[in-house]
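Structure, as structure tokens:
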Amino acid sequence: MPGYKPAELEAKWQQAWDEAEVYRTPPASDAPDRYVLEMLPYPSGRIHMGHVRVYTLGDVLARYSRARGYNVLHPMGWDGFGLPAENAAMEHGVHPAKWTWSNIETMRAQLRSMGLSYDWDCEVATCSPEYMREQQRLFLKMLNAGLIYRAEAWANWDPVEHTVLANEQVIDGRGWRSGALIVRRLLPQWFFRITRYAGELLEALDRLPRWPERVKTMQRNWIGRSEGALMRFQVVGNDQEVEVFTTRPDTIFGATFIALSPDHPLSRTCADTNPAVDAFIRECTRDPGRRDHDAAGPAGKTGVDTGLHVQHPFLERSLRVFVADYVLMEYGTGAIFAVPAHDQRDLDFARAHQLDVAPVVEPPPGVEHPGPDEAYVGDGTLVNSGFLDGLDVAAAKQAVIDRLGTNSKRSVQYRLHDWCASRQRYWGCPVPVIFCPDCGVVPVPDSDLPVTLPDDVRFDQPGNPLERHAVWKTVPCPGCGATAERETQTLDTFVDSAWYYYRYTSARAEQPLERAAVTRWCPTFQYVGGIEHAILHLLYARFFTRALRDIGELPFDEPFDGLYCQGMVCHRTYREPAAGTWLYPEEVEVTRNGGFRRRSDGVPVVAGRIEKMSKSRRNVVDPVDIIATYGADVARLFMLSDSPPERDLEWTTAGVEGAARYLQRIWRAFDELEPGPVDAVRPVSFAPAAQALRQATHRTIRAVEADIEAFRHNRAVAHLRSLSNAFLRFDVPAAGAGGAWALREALETFVRLSAPLIPHLAEELWQRLGRVGFVCQSAWPEADPELTTETRATVAVQVNGKLRGTIEVAPGTGEADTREAALRLPNVVRAIEGAEVRKVIVVPDKVVNVVAR
RNA sequence: GCGGGUGUGGCGGAAUUGGUAGACGCGCCGGACUCAAAAUCCGGUUCUGGCAACAGAGUGUCGGUUCGAGUCCGACCACCCGCACCA
């Protein structure tokens, strides 16, 4: 028998699977349906180890689910739009479409080489005209339903490139390409009304038990619900009002000033007549980075007096009105009443501007008063607060709201903003509307969809090529026929990925979603992906699901029943000390004494931290190389061994070689071992050694299925290795009665249990065992309860909690017998010699603890 | 600052959820095979003492609950991640 040659063997089985179409999504049947989904990749050009990890995890579940009798939908697609394609166009002169589609070709082939069990008939690319059409249809339906609106929003304007930048393209307040200082600019943009669902999105998190707690926490924080009150203040000397949101209405008697956001309408009004206010607002507008007062601290809080005053609702006093940079227009009403004694930010501002500090909450007895520059934010008793005196914080909040009557009301505010989903870019899904000078915003008629992108564009000048493309841009108004202009903004790629998983269920439909298909498979049983999408992508997907529900496309609320976030793939970093340049792992070798040196010239290399694989640090290993050298099964096995999936995994050569050695050993074992014939009748009795192997086999079934279902693949691998250790050391002639039969059972079971993890090798071994058909289509083995129950128990015997020995008993041995056997142990006798036995605790089948002194 | 997580041998990690700490593997040590090396196979491997039987210590630190704590409770330390002027 020739050696294990993964390249040949894997190509052979991949072809066989394709020809037999084994991964095609089955039609509905009596069997239950299960949708296994992994986050779709961005077609960057090559797969990386992160892809190998996440797609292996999903594939194991898909294959396991099929074996357990489910109809499985396991699709794959491409997040085709996005900025890198435009960057490639600018840098290399290649058209974004060409670049993207060729990357998709390459990466599809790479994913196929991993042996992933996808139904490629469901493949979806978000940059395809078909996907764009259906997305534009959904967009227009949502627009019609009032779930989308157009409003002015601040954007990052690069004055050199004359273009709008995404937040990630702004580095330290400067454009990433031009280096120019970025200016904030108001532009009309498109918004999804996600805030309409803020409360629902928050509450529903409690009903997602199969989501990681940390993801739910992040989403809760992001939505940021807070309960408080809206209160109105009269401006002294005119009829204007300032409305503020506060969570602490109880501290109203401690208010010493009012602060407005620079973007507040009243600030703007003041600026017209007050040069100092005007200058301050201009300063804030010019420098978007000034809001990130990370290191600045209290001194960083700047502001200016407007000269205005408002009337305190309960006192004869009036309060000065400031414009302050620490008040955000996007939250609440963009105005606050400031209580320096009980809010740190207000205190910082008050100290910087010599404003009064008036404590009104007395800490409870035993709680220390804070220092002069520390606000007290805890509970306590109200003082110096008129009718509130003596109340606690909660009661005072209620009393203030009651007393203010129509000038106040309870209010819930969210940190979450509406989703600004338009981008001033070329490579995205066009917003399907037309601006007509007479009719205004006109949706593109359904028969004209999709609005596709023009091919004849160039990226040799800055800005959005769609805006410069007169032919594409100029169209007759669908309503009145007048000359009109297309919207040149395109959609955020998060829109594309907010519903692609529904599209998979009816990927070729001539409508966005087919009701029967989507309700058959969705909500998704299990979604697997990176934690980096914990907030935005998953929140947008949850929002989209509700929006689609409300426009009648879906009958449920949540997209993903189960969510699993895998850890990162890391690698040690290496640096060449002289120039400090990063080195690729393949450029480095280990020296005799455990150090590192450069392979080419022997220069010593500094080993840095183990960090997430990234091109910039060059600590990357290319999956294509690994698969070529070791095979996909080795790569998959290594990904699953050792590290629990949610933790970071360190990629090491030693680890990969360990996985490769193991598969070699298995390969050889199947050569050398001599199992009984296929489908032989089970012997009536088994000699002890054969029986022991059978027990190991059946216990492994139990363990592996529990491990896979709980995403503990590292333990599943450990259990499989234990089983292989058992059959590797199994000697058929020495085992006695039933030995050969037990060995075949062990081997076949091993192959079936490991098939989800190492599908190619499993297929080959299955065939070698004389089985016809695919192991990937065979059923999961069933554990025999008689063989999984323990036949003897090892009882730990302790004296005063310290282990002194063990005894073997039959399971279920009574307390008295167990106690007696334990007390006979020589070591125990010695330990309690001369002491008085006070108590003997017996936990049957587990432990005996002798308490003596 | 707020929120969340993690901490166990030289290393990755197990521990049936309060009952024998270190499964499985990597590495290392010893042995077999070999002229030799690699590969492979066998044995050992938490630390300290002891030839051994065995004894003592041990799951970030300190304390508590318990017959018994890696696991529960309290305080702290370190590291990692997310959010961050959200009124």
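Each chain gets a letter, A, B and so on, in the order its sequence line appears, and its residues count up from 1.
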Validation row: A:T251, A:V361 side chains within 4.5 angstrom (heavy atoms): yes
Interface residues of residues 698-705 of chain A with RNA chain B (non-hydrogen, below 4.0 angstrom): none
By side-chain contact (heavy atoms from CB on, under 4.5 Å) - contacts of A:L563 (at least two apart): A:W211, A:P212, A:V215, A:Y527, A:L538, A:C565
Contact pattern, 5' to 3', of nucleotides 19-31 of chain B - B, S or - by protein heavy atom under 4.0 Å: BB--BSSSS----
Residue pairs fulfilling side chain to side chain donor-acceptor pair (under 3.5 Å) with at least one residue in residues 794-803 of chain A, sequence neighbours excluded: A:T794-A:E808
Nucleotide-resolved protein contact map, nucleotides 44-51 of chain B, B/S/- at heavy-atom distance under 4.0 Å: --------
Base-contact (B) and sugar-phosphate-only (S) positions in nucleotides 77-82 of chain B, heavy-atom cut-off under 4.0 Å, - elsewhere: -----S
With sequence neighbours excluded, residues passing ring-ring contact (aromatic ring centres under 6.0 Å, His included) with A:H719: none
Inter- and intrachain pairs under salt bridge (charged side-chain N to carboxylate O under 4.0 Å, His left out), touching residues 209-223 of chain A, at least two apart: A:D206-A:R220, A:E213-A:K216, A:E213-A:R220
Show me the side-chain donor-acceptor pairs of residues 648-656 of chain A shorter than 3.5 Å, one per line, residues at least two apart or across chains.
| from | atom 1 | to | atom 2 | distance (Å) |
| --- | --- | --- | --- | --- |
| A:D648 | OD1 | A:M568 | N | 2.9 |
| A:T652 | OG1 | A:G655 | N | 3.0 |

Residues that A:H353 engages under side-chain contact (heavy atoms from CB on, under 4.5 Å), provided they are two or more places apart: A:F349, A:L355
Any residue of residues 820-832 of chain A with a heavy atom less than 4.0 Å from an atom of RNA chain B: A:N827
Contiguous Watson-Crick or G-U pair runs (3 or more, under 3.5 Å) in RNA chain B: B:1-7 with B:77-83, B:10-12 with B:24-26, B:27-32 with B:40-45, B:46-49 with B:54-57, B:60-64 with B:72-76
